[in-house]
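For reference, the structure discussed in these notes is given below.
Here the structure is a predicted model, which means the values were calculated and not measured.
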Amino acid sequence: MKKILQELINGRLSVEEAEKMLKTMQMVELEDFAKIDTGRDLRTGFPEAIFAEGKDDQDLIKIIQGCAKRGRVMVTRLEEDRYQNIKDEINFIQNGSLKVEYNQKARILVLKDGEIEKQGKIGVITAGTSDIPVAEEARVVAEEAGCEVLTSYDVGVAGIHRLFSKIRWMLEEDVKTIIVVAGMEGALPSVVAGLVDVPVIGVPTSVGYGVGEGGFAALNAMLQSCAPGIAVVNIDNGFGAAVFAATVVKQTIMD
C-alpha cells in the first residue's frame with residue numbers, strides 16, 4: 001500500500017491506476033472456491049481467520065498456503081484428526097519461516113513468525129470444565145490479537161465461593177474486560193457483571209441437557225440478564241467474544 005501511494009505521489013501512477021491497484025490488493029482469488037480478504041487487518045484491526053468446518057482438506061491447504069504468503073495464519077474449528085491429516089503439508093507450506101502451533105482443546109491452528117507484543121489484559125472465566133474448549137478458543141484468539149489473558153476455569157454458580165477470589169485477582173491485575181463462558185442455565189455472566197466495573201462478554205455454550213440442550217437456555221438467560229454491562233455473543237462463539245474483547249482493550253489503551 002505504501003509503495004502504491006508513493007508511486008502516486010511521485011507521479012508514476014494516475015489516481016485511477018492507484019485506485020485500481022488498491023482495490024485488487026484487498027483480495028486474492030484462489031481458483032473458484034475462495035477469495036482471501038487481505039485488507040481485513042487494516043480495516044478492522046484483526047486479520048481474516050480460516051473457518052475449517054465445511055471445507056475439504058485440499059481446499060483448506062490451498063487457502064492456508066495463500067494466507068501464509070502474507071504472514072500470520074489462524075485456522076479455527078479444526079478437529080485434531082483433520083489437523084493430523086494435513087500436518088505434513090502444513091509443515092511443508094511454512095517451510096521453516098512460520099512456527100506452527102495447534103491447540104487441541106481450542107481446535108485452533110496458528111502459523112506465525114513470532115510472538116505479538118501484549119498490550120492490555122482480558123479475563124476468561126468458565127462456569128464448568130465442559131466449557132473450557134470454548135474458553136480456550138477465546139484465549140488463543142485474544143492472545144493472537146495482542147492481549148494478555150488471565151484464565152480461571154470451573155468457578156460456576158454450583159460452587160459460587162470458588163469465584164470471588166478469582167474475580168478479585170483479575171481486577172487487581174487490571175483486566176479491561178472479562179469473557180464469561182457458561183452452559184446449562186447460563187447464570188454466571190450475570191453474577192460476574194454484578195461484581196465488576198468492566199464490560200462482561202457472555203458466551204453461552206451448547207453444554208446442557210433437557211431444556212438446556214444446544215445452549216439456547218444459556219443464551220436466553222444471558223440476553224435476559226438483569227445485571228447491566230453484559231454483551232452476549234452466539235452459542236459457542238469464543239472467537240467472536242475474543243475479537244470483541246480485544247477491540248474493547250485496544251480502544252481503552254488508545255484513550
If the threshold is 4.0 Å, N to carboxylate O, is there a salt bridge linking Arg82 and Glu79? no
Indicate whether any N or O donor in one side chain lies under 3.5 Å from an N or O acceptor in the other, for Ser206 and Asp236. yes
Rounding to 0.5 Å, atoms NZ (Lys121) and CD1 (Ile178) come to a distance of 13.0 Å
Pairwise side-chain contact, Lys166 with Tyr153, heavy-atom cut-off 4.5 Å (strictly under): no
Is there a side-chain contact between Ile63 and Ile61 in this structure, where contact means two heavy atoms from C-beta onward sitting under 4.5 Å apart? no
Which residue is it: Val180, Val181, Ile179? I am looking for the one with a side-chain contact (heavy atoms from CB on, under 4.5 Å) to Ile201. Ile179
Which heavy atom of Ala227 sits nearest to which heavy atom of Gly194, and what is that distance? CB-N, 4.2 Å
With heavy-atom distances below 4.5 Å as the criterion, would you say the side chains of Leu188 and Ile125 are in contact? yes
Donor-acceptor under 3.5 Å (Asn237 side chain, Gly240 main chain): yes
May I ask you to test the Val124-Leu150 pair for a side-chain heavy-atom distance under 4.5 Å? no
Which pair of non-hydrogen atoms, one from Pro199 and one from Val248, has the smallest distance, and what is that distance? CG-CG1, 4.3 Å
Would a distance-only check, ignoring hydrogens and angles, find a side-chain to backbone donor-acceptor pair under 3.5 Å from Lys55 to Phe51? yes
If I compare all heavy atoms of Ile230 with all of Gly202, which pair ends up nearest, and what's the gap? CG2-N, 4.3 Å
Taking atom CZ as the centre, does Phe216 end up with more than 12 heavy-atom neighbours from other residues, nucleotides or ligands that are less than 6.0 angstrom away? no
Taking every heavy atom of Pro204 against every heavy atom of Val232, the minimum-distance pair comes out as CD-CG1, 4.1 Å
Is there a side-chain contact between Val141 and Met74, using heavy atoms and a 4.5 Å cut-off? yes
Does the side chain of Ile122 reach to within under 4.5 Å of the side chain of Glu143, using non-hydrogen atoms? no
Heavy-atom closest pair, residues Val203 and Gly238: CG1-N, 4.2 Å
Determine yes or no for a side-chain-to-main-chain donor-acceptor pair under 3.5 angstrom, with Asp131 supplying the side chain and Gly128 the backbone. yes
Search all heavy atoms of Glu185 against all heavy atoms of Ala221 and return the closest pair with its distance. O-CB, 3.1 Å
Those residues at least two apart in sequence (or on a different chain) that pass side-chain hydrogen bond (donor to acceptor under 3.5 Å, both in side chains) with Thr126 are none
In Å and rounded to the nearest 0.5 Å, what is the OG to CE distance from Ser130 to Met184? 7.0 Å
Distance check, rounded to the nearest 0.5 Å: Glu172 atom CD versus Ile167 atom CD1? 11.5 Å
Flag the pair Glu137 and Arg77 as a salt bridge only when some basic side-chain nitrogen lies within less than 4.0 angstrom of an acidic carboxylate oxygen. yes
Quick one: CD on Glu173 to CZ on Arg168, what's the gap to the nearest 0.5 Å? 13.0 Å
With side chains defined as the heavy atoms from C-beta onward, is the minimum distance between Gln119 and Val249 less than 4.5 Å? no
side-chain contact (heavy atoms from CB on, under 4.5 Å) between Val175 and Met170: does it pass, once the steps are laid out? CA-CA 6 Å; Val175 297; Met170 288 185 179; 4.0 Å; yes
Donor-acceptor check, side chain of Glu148 to backbone of Lys118, threshold 3.5 angstrom: yes or no? no
Salt bridge or not between Arg162 and Asp154? Use side-chain N to carboxylate O under 4.0 Å. yes
How many angstroms lie between CG in Leu109 and CD1 in Ile50, if you round to the nearest 0.5 Å? 8.5 Å
Checking the side chain of Arg107 only, and the main-chain atoms of Thr76 only, is there a donor and an acceptor separated by less than 3.5 Å? no
Nearest 0.5 Å please: distance from the CG atom of Leu78 over to the CG atom of Asn85. 9.5 Å
Side-chain heavy atoms of Ile108 within contact of Val75, under 4.5 Å: no
Listed by chain and number, what are the ring-ring contact (aromatic ring centres under 6.0 Å, His included) partners of Tyr102, not counting sequence neighbours? Tyr83
